[in-house]
Amino acid sequence: MKMLNKTAILATAASLAAGAALAQSPYMRADNNVMTDLGVTAGQIEDADLINPAGDELGEVEAVLVDQSGAVVSVLVELEDDFLDAERVVELPLAGLVAREDDDFFEIWDDEIDLVTEMSVTELNTLPSWPEE
């Protein structure tokens with residue numbers, strides 16, 4: 001019985017520590033109406049495709065992040081495993097991206113904005129994975 005209590009206490013402590021680390025993150029999820037430096041709102045780029053200049057889809061925006069001042073600083077992108085080592089989520093700084101109108105033919109359910117990156121597949125593969133929530 002004592003062993004079970006120690007295990008439960010250790011598990012609870014580990015859970016609280018992980019939650020505290022997440023709460024101390026310098027970034028928060030942006031509201032949809034927050035304007036970005038790309039000339040579009042956070043809501044417009046949420047679920048946008050991440051593509052390279054040739055138009056190859058590399059991933060999809062899962063979240064738009066703001067810093068403590070409310071400025072949009074980065075996006076979380078789920079990278080596609082077609083071009084990359086494994087499907088995973090990474091953080092990309094907004095400064096390295098360009099927003100452009102989506103020009104594919106699936107307008108019925110598709111997003112309206114693509115984010116273009118100059119990063120190569122090799123560079124994307126070297127980015128650390130974003131911690132799972």
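Between the D67 side chain and the S69 main chain, a donor and an acceptor come within less than 3.5 Å of each other. For R88 (side chain) and V77 (main-chain N/O), no donor-acceptor pair under 3.5 Å exists by modelled atom type.
Rounded to the nearest 0.5 Å, atoms CD (E91) and OH (Y27) are 5.5 Å apart. In this structure, the separation between CG on L92 and CG on L58 is 9.5 Å, given to the nearest 0.5 Å. Rounded to the nearest 0.5 Å, atoms CD1 (I51) and CD (E80) are 13.0 Å apart. Atom-to-atom distance recorded for E78:CD and D47:CG is 10.5 Å, nearest 0.5 angstrom. To the nearest 0.5 Å, atoms CG (L124) and CG (L50) are separated by 6.5 Å.
Pairing each heavy atom of V64 with each of E46, the nearest pair is N-OE1, 4.0 Å. Taking each heavy atom of V90 and S129 in turn, the nearest pair found is CG1-CA, 4.4 Å. Taking each heavy atom of E118 and E123 in turn, the nearest pair found is O-OE1, 4.1 Å. Nearest approach of S74 to P93, heavy atoms of both residues: CB-CA, 4.0 Å. Pairing each heavy atom of A48 with each of I113, the nearest pair is CB-O, 3.2 Å.
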Could you give me the CA-CA distance, side-chain angles and deciding distance for L127 and M119, then say whether side-chain contact (heavy atoms from CB on, under 4.5 Å) is met? CA-CA 11 Å; L127 294 174; M119 291 183 76; 4.0 Å; yes

Might you work through the side-chain contact (heavy atoms from CB on, under 4.5 Å) test for N33 and T41, ending with a clear yes or no? CA-CA 6 Å; N33 61 348; T41 65; 5.5 Å; no

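Within the 4.5 Å cutoff, the side chain of T36 has heavy atoms near those of the L94 side chain. When side chains are defined from C-beta on, D49 does not count as touching L115, because their heavy atoms never get closer than 4.5 Å.
Following chains of ILVMFWY side-chain contacts shorter than 4.5 Å, one can reach V75 starting from V34, so the two form part of one hydrophobic cluster. One hydrophobic cluster, built from ILVMFWY side chains closer than 4.5 Å, cannot hold both M35 and V73; they sit in different ones.
The 12-atom threshold is not exceeded at CG of D37, counting heavy atoms of other residues, nucleotides or ligands nearer than 6.0 Å.
Here R100 does not pair with E112 in a salt bridge; the nearest charged N to carboxylate O distance is not below 4.0 Å.
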